[in-house]
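Both ligands and their constituent atoms are indexed starting at 1 by order of listing.
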Amino acid sequence: MTFELADRVQTVPPSGIRRFFEIAEERDEVISLGVGEPDFSTPWAARDAAIASLEQGKTSYTANRGMRELRDAIADYVADRFDLGYDPDEEIIVTAGASEAVDLAFRAFVDPGDTVAIAQPSYISYEPGVIFAGGEPLSVPTREEDEFRLTVDALETAGAADAEMLVLCYPNNPTGAIMREEHLEPIAEFAREHDLIVLADEIYAELTYEGEHTSIATLPGMRERTIVFNGFSKAHAMTGLRLGYALGPADAIGAMNKIHQYTMLSAPTTAQYAALEALDSCDDEVREMIDQYDRRRRFVLSRFREIGMDVFEARGAFYCFPEVPEGFTAEEFAEDVLREQGVAVVPGTVFGAGGDGHLRVSYATGLPELREAMTRIEAFVEEHA
Ligand code: PLP
């Protein structure tokens, strides 16, 4: 017997990044600038708290929405860091990674046939998430001339005025772009005018290297129409512990919790203890990691410029997004530099509209490896120029 797949599942292609991992596996001494996860380990105090919770046998489910102490700590943290005020009783849900929270939002708010506008290039999970929920993704390309910020022009041109929902991710994966308050204001106005729900994936908020992160939910009239996503994977180097959260109005978070309580019950308990400790006592380690990312960012940007590859000034997350030199497509460059020089980067095309002609280069890798990788990319460019 063969399983007949649901149309929704069939229409979604496998992740475009996978092919590059397969090539990387065939070759020795590959330096990967391809992955989107910290090279640091989770701060020790958080790991110790997780271990202690296991030793004490704290291995049961927690409240569906997450442990009350953790929701309190998240409420204090987002208020302190990002000026976001959410009630831990009703307006915060702790999830298995921000990924689960994003999926819950699509399933809670998208009806079959609803259009979901997605600012692109973007994290690869939004489009499939919309399709799995029965919705129709609408690409809204951002442009290098605008430093990959979303603009009202782009929204209008793409027809996003008729969408039900808008997804944006700043600081951005894959471009490293950020949006300041003055850039978010016209987007907020557009969302209010056209009555859009806004999903704001702010998982890289802490990784903002110049100035402070502004959440779109803090702008007038936006709190009531926005769900903010964040989590512990990036700034707290906890990807494998799978812990994230969503913030939003009580009825919206309640709807997401309805799905969560039937499908996940509660986020991993051990990870919740680690996260509680991370918020309580790991600020110094987080600061140190951010400083290191910033040093690497400046190094990688300056090396690309030395090599003669155009790259815009990425100011957030841990990615930069250089242009491929003339004579290559992004796919060709990524494949050839991997085969010939053993450096893995990801073609921008994988991340949707606007990613053409670019590469995503992650600098969540130690400086010695980054130095060697940039030397190899330079050799590759010199050979093929
Ligand atoms: N959102 C963005 C923009 C990401 O880049 C990633 C991971 O790369 C995630 C969400 C997934 O986060 P989590 O590990 O919390 O599920």
(request) Using a strict 4.0 Å cut-off to heavy atoms of R242, name the atoms of ligand 1 that fall inside it. (result) 13 (P), 14 (O), 16 (O)
(message) Counting non-hydrogen protein atoms only, what is the nearest one to atom 15 (O) of ligand 1? Give residue, atom name and distance.
(response) A98 N, 2.7 Å
(message) Using a 4.0 Å cut-off to any heavy atom of I203, which atoms of ligand 1 qualify?
(response) 1 (N), 2 (C), 3 (C), 12 (O), 15 (O)
(request) Among all protein heavy atoms, pick out the one at the shortest distance from atom 16 (O) of ligand 1; state its residue, atom name and that distance to 0.1 Å. (result) S99 OG, 2.5 Å
(request) Report, in ascending order of atom number, the atoms of ligand 1 lying under 4.0 Å from any heavy atom of C169. (result) 3 (C)
(request) With R223 as the cation and Y86 as the aromatic partner, state whether NZ or CZ is under 6.0 Å from the six-membered ring centre and within 45° of the axis. (result) yes
(message) List ligand 1 atoms under 4.0 Å from S233, heavy atoms only on the residue side.
(response) 13 (P), 14 (O), 15 (O)
(message) Below the 3.5 angstrom mark, is there an N/O of D201, backbone or side chain, next to an N/O of ligand 1?
(response) yes
(request) Let me know which of D39, T365, D291 forms a side chain to side chain donor-acceptor pair (under 3.5 Å) with R296. (result) D39
(message) Classify the ring geometry of Y363 against Y209: parallel below 30°, tilted from 30° to 60°, perpendicular beyond 60°.
(response) tilted
(request) Check whether the side chains of T214 and E181 place a donor and an acceptor atom closer than 3.5 Å, and report yes or no. (result) no
(request) Please confirm whether R149 makes a cation-pi placement over Y170, using NZ or CZ under 6.0 Å from the six-membered ring centre and within 45° of the ring normal. (result) no
(request) Taking only heavy atoms of Y126 into account, list the atoms of ligand 1 that are under 4.0 Å away from them. (result) 3 (C)
(request) For Y204, take its heavy atoms, then give the atoms of ligand 1 lying under 4.0 Å from any of them. (result) 3 (C), 4 (C), 5 (O), 8 (O)
(message) Taking D310's backbone N and O only, do any of them form a donor-acceptor pair with R305's side chain (distance below 3.5 Å, no angle check)?
(response) no
(request) Among all protein heavy atoms, pick out the one at the shortest distance from atom 8 (O) of ligand 1; state its residue, atom name and that distance to 0.1 Å. (result) K234 NZ, 2.6 Å
(request) Would you please say whether a donor-acceptor pair under 3.5 Å links the side chains of T115 and E136? (result) no
